[in-house]
Structure formats: C-alpha cells, structure tokens
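Remarks on the structure that follows.
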Amino acid sequence: MENRIILDSLYKSFGELQAVNNVSMTVEVGEILGFIGPNGSGKSTTMKMATGYLKADSGTSTICGVNMEINPKEAKKLIGYLPEGAPAYGEMTTIGFLNFIADIRGYYGKKRAIQIDKAVERARIKHVLHQQIDTLSKGYKRRVGLSQAIMHEPKILILDEPTDGLDPNQKHHVRELITEISKTTAIIVSTHILEEVDAVCSSVLLINKGNVVLNGSSSELRSKVESNNSIMIKIDPKHGEDLKRLLLTIPSISKIDVLNETESNVNINVYPKENRVILTEVAKIIADHKFPVKDIYQNHIALDEAFRKLTV
Amino acid sequence: MLGNIYIILKRETKGYFSTPLAYIFISIFCGLTAAFTFYLGAFLERGQADLFPFFESHPWLLVLLVPSISMRLWAEERKTGSIELLMTLPITTFEAVIGKYLAAWVMIAIALALTFPMWITVNILGNPDNGVVMSSYLGSWLLAGQFLAIGSALSAMTKNQVIAFVISTAACFLFVMSGVEAVTGAIEGLVPNYVISIFSSMSSLDHFYEFVKGVIDLRSLLFYLTSIIFWLLLNIIIINIKKAA
C-alpha cells in the first residue's frame with residue numbers, strides 16, 4: 001500500500017469565483033506539508049476536496065492509493081481530518097463525543113478503550129473528559145477536535161489551522177504532537193502563522209487566489225525575495241568607494257547598493273547571487289584591509305515578508 | 001451499514017436527551033393533546049368510549065411540532081459546521097440521513113407512547129375498541145414520520161433553522177389541507193377532475209382518518225411509506241448536490 005496522499009490538479013469554482021485553480025500536491029509518510037496562503041486563498045476548499053467533503057469540479061484526491069471519489073468510505077477510513085474551527089457536537093461531553101468517533105471508526109472492547117485513552121493522552125484533554133464541549137475554551141475545543149482526528153492513527157492527517165486561537169504553550173504542544181506523529185503519518189497542515197512553517201514543516205505550498213505560487217521548502221520561499229541573505233555594512237563615507245570596489249571582486253555578488261549617505265555614515269547593501277551566504281567573503285575583505293566598519297549584519301528575510309511579496 | 005445507522009441513531013438520541021429539547025417536546029406534545037381532547041374535543045361530554053377527540057387533534061399539532069424537531073436535523077449541522085466532520089467520517093450520506101431520521105422518529109414514538117394515560121382513562125371510563133386505538137396510534141406515528149421526512153429534506157437545504165421550520169410547516173400544512181373539501185372545492189372546475197382526485201389522494205389527512213377508523217388499509221400504509229422514502233431520497237440528493245455546489 002502506498003503511504004501517501006496525492007492531490008492531482010484540483011479545480012473548484014463557486015459561481016464566478018475560481019476558488020481553487022489547479023492545485024496538486026503529494027505528501028509522503030514522514031513529511032509535513034505547510035499549506036499557506038492568505039485568508040480566502042482556497043486552502044480550506046482544497047482540504048475539503050481532499051477529505052471528500054466537497055466534490056471537486058475536476059481533479060482527484062488519492063489516499064494511500066484509494067480514490068476519494070470512487071471509494072469514499074475506504075478513503076475516509078485512512079484519513080484523519082480536523083476541519084476549520086474544530087466543529088464537534090457541542091451538547092455532548094468530550095468522552096461522549098470520543099466514544100461516538102470510536103464507534104464510527106469501528107473500535108470495540110479493549111481496543112476501543114486503548115485508542116480513546118491514547119487520543120486523550122496525546123491531545124492532553126484528560127481533565128475535560130466529562131465537560132460539555134460547548135463549555136470548553138477555544139484551545140480545548142481545538143484539542144478535542146485533534147484527538148478525534150488522530151484516534152485511529154491514520155496514515156494521512158489533514159489539519160485545517162490546528163493552532164488558531166491557542167495560547168503560546170498550547171501552540172508549542174500541538175506542534176510537538178504534530179512532529180511526533182509525523183514519523184508514521186503524512187501530514188498536511190494549513191496555517192497563516194508562518195513561524196509554524198519553520199517550526200514543523202518539511203515543505204511548503206503557498207497558494208494565492210486559488211493558484212499555487214510556490215511549492216518547495218521554506219528556504220525556497222525565502223529565496224523568492226531578492227534581499228534574502230544580503231549584507232548591510234555601515235561605514236564612514238570616505239572608505240565607501242574603496243570597500244565597494246573590493247567587494248565587487250567577490251564572484252557570488254550580484255549587485256551593491258549604497259544608501260542613506262550622510263556626513264558620517266553610508267550604508268552599503270551587498271546582494272548575493274541566488275541567495276548565497278556571502279558573509280565569510282565579505283568579512284575577509286573587511287578584515288584583510290582593516291576597514292573601520294561601524295555595523296554589519298546579514299538580512300535573514302522573515303517568511304512574513306516573502307509571503308507578502310508573493311501574495312499581495 | 002446497519003451498524004453505522006445505529007451509531008448515528010444512538011448519538012442523535014443521546015443529543016436529544018442531554019438537552020432540554022426532548023423533555024420540552026414530549027411535555028408540550030402530551031399537554032397539548034390532552035388539552036385538545038378535553039376542551040376542543042369535548043371528550044367527556046361526548047359520552048363515547050373512544051379516543052377520536054384525542055386523535056382528531058394530532059394532524060394539526062404535528063404540523064407545528066414535527067417541523068420544530070426536523071428543522072434542526074441538518075440546518076444545525078450546517079450552522080455549526082459539524083456536518084463537515086460527519087460527512088468526512090467513513091459513513092455514507094444514506095447512513096447519516098437514515099440514522100438522524102430514525103432518531104427523531106423514535107423520539108416522536110416516545111412522545112406518543114407517553115400519552116398512555118389517555119388510553120388508560122378511556123379504558124377506565126368504558127370499553128373502547130383497543131384495536132382502533134392501536135391503529136390510530138400507528139396512523140399518528142406514520143403521519144409524524146411523513147412530516148419528519150419532509151422536514152428533514154427541507155432542513156438540508158439551509159443553515160437557517162427558522163427558514164427550515166417555516167417552509168416545513170407550510171409543506172406539511174399543504175399535505176394536510178389537500179384533503180379538506182374547502183380546498184378541493186376551491187379548485188374544482190379550474191382543473192380537470194383527475195387532477196383533483198390525485199391532489200386529494202395525496203392528502204395525509206384522509207389516510208390518517210382511515211387509521212383512526214380502525215382500518216389499516218394497505219393503500220394508506222403504502223402512501224405513508226412511499227412518501228417517507230421519497231422525501232428521504234430527496235434529502236440524500238439535496239445533501240449530495242450541496243456537496244458538489
């Protein structure tokens with residue numbers, strides 16, 4: 001059996017709006033794909049099609065070799081899904097809800113108790129088991145939803161904004177949990193918190209207005225921004241020209257900008273080719289010629305900035 | 001398949017009884033049927049040992065009370081988003097629709113069963129034909145089942161429970177009224193006679209009165225069963241269409 005989820009050329013429109021426009025992805029067991037994009041970019045719609053809640057206009061979702069449209073019941077058995085907002089039956093208690101899920105997942109007897117216990121343990125919801133779900137805080141509701149999604153230890157796990165509304169401790173815990181189960185699971189996690197992508201994801205898929213903008217790693221995402229890994233040097237203007245001339249001898253430099261010239265300071269921005277790290281070469285030139293630099297730092301572009309540049 | 005239907009049924013039933021919904025519905029139903037029987041039906045003054053005044057009120061009460069149950073069946077799932085959870089679990093739309101429907105129908109059966117003091121009363125006061133009472137109960141339950149199927153299907157179209165309630169009540173009312181002479185009389189002459197006879201043969205009220213008379217007519221039984229199946233099929237289709245929309 002293949003241990004992967006394959007979404008192949010999914011399309012979905014709502015009336016005039018093309019919500020999802022040719023989105024494809026493959027996630028293997030052991031991988032965590034960070035599915036990012038602005039609100040309304042089609043993340044949730046894609047996940048709804050992947051899990052069989054919505055029917056795609058065209059394209060397929062294949063779960064461990066099982067086609068979602070042809071054999072939905074089998075495909076759904078292999079998937080764990082936390083929908084956006086972690087909906088549950090609010091009038092039930094946590095344990096009542098988990099019992100229902102265990103029934104649907106076909107567990108009975110000893111195995112049933114074990115699976116429920118494990119899910120409760122992993123989601124850390126032991127002390128709210130007998131509370132009505134409607135009365136739980138947002139964070140606990142999310143965790144109840146998470147425990148529901150992982151109870152049957154699915155090969156494929158799809159989480160729609162699992163950390164939305166959690167406090168920093170809870171976020172940390174959920175990320176730990178995701179990392180832990182990723183060893184045996186292929187995970188797609190949507191988020192608009194970009195630190196999460198760096199924290200847990202092995203790859204990134206960025207969509208905007210239904211179109212895939214980038215499919216790769218978070219460093220590839222960063223590399224889409226020119227100023228990534230550029231080096232800023234602050235120096236006395238009288239050394240500016242000399243420094244610039246010498247720096248231009250470094251082969252991996254693409255260009256140099258001189259900014260903010262005042263009487264006493266000039267900022268020299270050194271841009272590398274293809275986002276290479278050029279700090280060593282730059283530092284060597286400065287050291288060899290004893291340039292009296294006042295400040296030097298490398299621009300490590302925040303994902304936020306890359307995200308904005310690619311989606312605005 | 002039966003397993004999943006039973007699991008859904010069990011969950012729904014627990015849901016009814018863990019909120020005030022079931023208790024309020026059952027109390028109101030029992031209270032109103034009793035009030036109608038004694039005041040409007042003049043149960044005691046008639047001096048007859050039967051439950052006709054009791055069952056006579058049922059169609060009119062059920063027209064209002066059944067949609068108040070059915071309105072939440074799917075509209076609430078849509079509103080809270082739990083439908084997304086339910087429909088991504090390994091169950092079919094058929095199993096979900098039937099399970100939810102049966103749970104509500106069972107609750108109505110419980111409400112009907114809890115009107116048993118009426119039956120005891122009439123047995124103390126005289127010697128009623130208990131066969132007629134039983135067939136009347138069956139008729140009432142089937143009528144409620146039909147309304148419930150209508151309401152369930154219409155509830156699947158919206159996430160607004162009030163809209164679901166209003167259109168379901170109107171639809172059920174139409175099925176009751178189609179047998180009333182004032183209605184058939186009003187359209188007489190406007191449309192061919194066979195249309196009128198089809199129209200009045202669709203009357204839930206006429207078929208209900210067969211049961212109240214003590215006649216378990218196969219045609220009436222089939223009328224309710226096919227009607228229930230029709231509306232539940234429509235319910236499944238509506239949910240599947242919404243999935244593609």
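Every heavy atom of this structure was used, including side-chain atoms; hydrogens, water molecules and symmetry mates were not. Lettering follows sequence order; numbering is per chain, from 1.
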Per-residue contacts, residues 83-96 of chain A versus chain B, heavy atoms under 4.5 Å: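 P83(A), P87(A), A88(A), Y89(A), E91(A), M92(A) fall under the 4.5 Å cut-off.
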Take atom [atom1] in [X]; do more than 12 heavy atoms of anything else shown fall under 6.0 Å from it?
{"X": "E121(A)", "atom1": "CD", "value": "no"}
{"X": "F173(B)", "atom1": "CZ", "value": "no"}
{"X": "W60(B)", "atom1": "CH2", "value": "yes"}

Segment of [X] engaging chain B (4.5 angstrom heavy-atom cut-off):
{"X": "Y53(A)", "value": "both"}
{"X": "Q132(A)", "value": "neither"}
{"X": "L82(A)", "value": "neither"}

- Can any side-chain N or O of K76(A) pair as donor or acceptor with the backbone N or O of T92(B) at less than 3.5 Å?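 Judged by distance alone, no pair lies under 3.5 Å.
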#### Entry: Interchain contact, T19(B) with chain A, by part (heavy-atom threshold 4.5 Å)
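Just the side chain, heavy atoms under 4.5 Å.
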key: Atom group of E77(B) that falls short of 4.5 Å from chain A, counting heavy atoms   =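 For E77(B), side-chain heavy atoms alone lie under 4.5 Å from chain A.
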So do L89(B) and R105(A) actually touch side chain to side chain, heavy atoms under 4.5 Å?
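Heavy-atom side-chain distance check passes, below 4.5 Å.
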**Prompt:** Do K73(A) and E95(B) have side chains that get closer than 4.5 Å, going by heavy atoms?
**Reply:**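 K73(A) vs E95(B): side chains touch.
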Walk me through whether K10(B) and F100(A) qualify under side-chain contact (heavy atoms from CB on, under 4.5 Å).
CA-CA 9 Å; K10(B) 199 170 71 172; F100(A) 165 65; over 6 Å; no
Report task. Tell me, out of K243(B), M87(B), R11(B), who's got the most heavy-atom pairs with chain A below 4.5 Å. Result ->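 It is R11(B).
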Item to complete: Go through the steps to decide whether D103(A) and N4(B) satisfy the test side-chain contact (heavy atoms from CB on, under 4.5 Å), and finish with yes or no.
Response: CA-CA 8 Å; D103(A) 286 342; N4(B) 282 343; over 6 Å; no
Atom pair CD1/CD1 of I101(A) and I7(B) - distance to nearest 0.5 Å =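 Here the rounded value is 10.5 Å.
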Hey, mind stepping through T88(B) and I79(A) against side-chain contact (heavy atoms from CB on, under 4.5 Å) and telling me if it holds? CA-CA 9 Å; T88(B) 52; I79(A) 249 186; 5.9 Å; no
